[in-house]
Amino acid sequence: MEHVFTIAVKDFYLEHILESGQVFRWHKLAQNFYLLYSGSKVSLVKQDQIASLQIAVQNPEDLAYWKNFFDLQTDYELIKKSIGRRGKKVMREACEYGFGLRIARQDYFETLIAFIISANNNMKRIQRSMLLLSELYGKKIEMPEHFLALLPDEYKGIELYAFPEATDLAQVEPKELRALAGVGYRDVNIAQSAKMVASGISLEALDKLSSPKLLEALQNFAGVGPKVAACIGLFAYHRTNAFPVDVWIKRTMQRLYLNESASPKAIEREGQRRFGRYSGTAQQYLFYYAKELDKR
DNA sequence: TCCCAGGACTACT
DNA sequence: AGTAGTCCTGGG
């Protein structure tokens with residue numbers, strides 16, 4: 001059985017997808033080469049050429065999961081045309097800069113916890129906490145034989161972990177989460193939300209809801225407000241019309257389309273009015289570009 | 001040593 | 001309905 005696949009891709013750039021603040025559980029092994037987790041699965045992904053992706057999976061039937069994860073069936077050329085037409089020059093520059101960006105379809109529970117942690121936090125720290133939570137409370141994943149030949153020497157001994165089940169995370173004391181996973185005051189929110197999921201609130205079932213109802217339902221979880229709900233809606237439930245307003249998007253949207261007194265709610269409305277059903281995708285290009293401009 | 005960045009939530013108006 | 005103050009921690 002084959003476990004390593006080469007897939008033809010377009011509008012796909014691994015670094016932009018994984019390092020744009022939507023996916024947190026990965027190790028960068030080399031340029032354009034990552035060990036990537038999602039839920040209880042793991043893969044090795046490498047992009048040597050712009051038009052092809054190499055992916056090593058645990059089992060051949062996992063290939064469909066990862067194709068879906070990377071949203072490979074969607075034509076981003078059309079989306080970029082649409083939001084480019086509806087936005088100003090900066091939006092078109094953002095699409096160009098963030099070429100190959102895609103909106104991933106991620107595990108519900110993992111995404112819920114990731115964005116609870118994201119409150120008042122930065123990417124490096126979110127990533128650290130997410131990997132720690134997995135190592136501490138996740139089930140160990142056996143290293144697939146065929147991964148070893150592909151891993152760089154210094155990673156051959158790495159231990160692989162699934163993201164914790166809600167039932168397992170629900171049993172951990174908040175104090176411990178804070179001390180061992182470095183989640184700070186978000187400890188109680190994580191524990192509480194894990195308990196809610198463990199006690200039977202089905203994250204899968206929420207996918208049946210309309211986008212407004214879904215975002216409302218997500219805000220019932222502890223530590224989930226409008227911004228975090230929009231992130232979970234966008235990156236787990238693939239609601240491409242969800243428009244998360246963080247400080248970067250706030251500044252950018254205020255400067256480009258509104259004034260500096262515009263509230264987050266008004267910014268969300270304007271984003272959705274202007275960019276329509278792909279406002280969330282537009283947000284992601286804009287977010288990634290705004291952070292880059294700030295670095296320069 | 002202090003100060004800053006970064007959303008949710010509470011307690012106000 | 002809108003908003004000041006607080007929560008934690010790594011980094012300047």
So [X], base contact, sugar-phosphate only, or nothing? Heavy-atom distance under 4.0 Å.
X: A:D187; answer: nothing
X: A:N122; answer: nothing
X: A:V224; answer: sugar-phosphate
X: A:R178; answer: sugar-phosphate

Does A:K10 count as lying over the ring of A:Y76, i.e. NZ or CZ under 6.0 Å from the six-ring centre, within 45 degrees of the axis? no

Cationic tip of A:K28 within the cone over A:Y34's six-membered ring, i.e. under 6.0 Å and within 45° of the normal? no

Let me know the distance between [atom1] of [X] and [atom2] of [N], rounded to the nearest Å.
X: A:I190; N: C:dC7; atom1: CD1; atom2: P; answer: 18 Å
X: A:K175; N: C:dC7; atom1: NZ; atom2: P; answer: 14 Å
X: A:F287; N: B:dG7; atom1: CZ; atom2: C1'; answer: 13 Å
X: A:L177; N: C:dC8; atom1: CG; atom2: P; answer: 14 Å
X: A:F115; N: B:dG7; atom1: CZ; atom2: P; answer: 11 Å
X: A:N120; N: C:dC8; atom1: CG; atom2: P; answer: 11 Å
X: A:L218; N: B:dA8; atom1: CG; atom2: P; answer: 12 Å
X: A:M123; N: C:dT9; atom1: CE; atom2: C1'; answer: 17 Å

Is a side-chain donor or acceptor of A:Q22 paired with a backbone partner of A:F235 at a separation under 3.5 angstrom? no

With a 4.0 Å cutoff (strictly under), does any side-chain N or O of A:R128 reach OP1 or OP2 of C:dG11? no

Would one find a side-chain N or O of A:W248 under 4.0 angstrom from OP1 or OP2 of B:dA5? no

Taking the six-membered ring for Trp, are the ring centroids of A:F163 and A:Y37 within less than 6.0 Å of each other? no

The side chain of A:K227 lies closest to which of these nucleotides: C:dC7, C:dC8, B:dA8? B:dA8

Could you check A:Y185 against A:S263 and say which one's nearest nucleotide on DNA chain C is further toward the 5' end? A:S263

Please state whether the rings of A:H16 and A:Y13 are parallel, tilted or perpendicular, taking 30° and 60° as the class boundaries. perpendicular

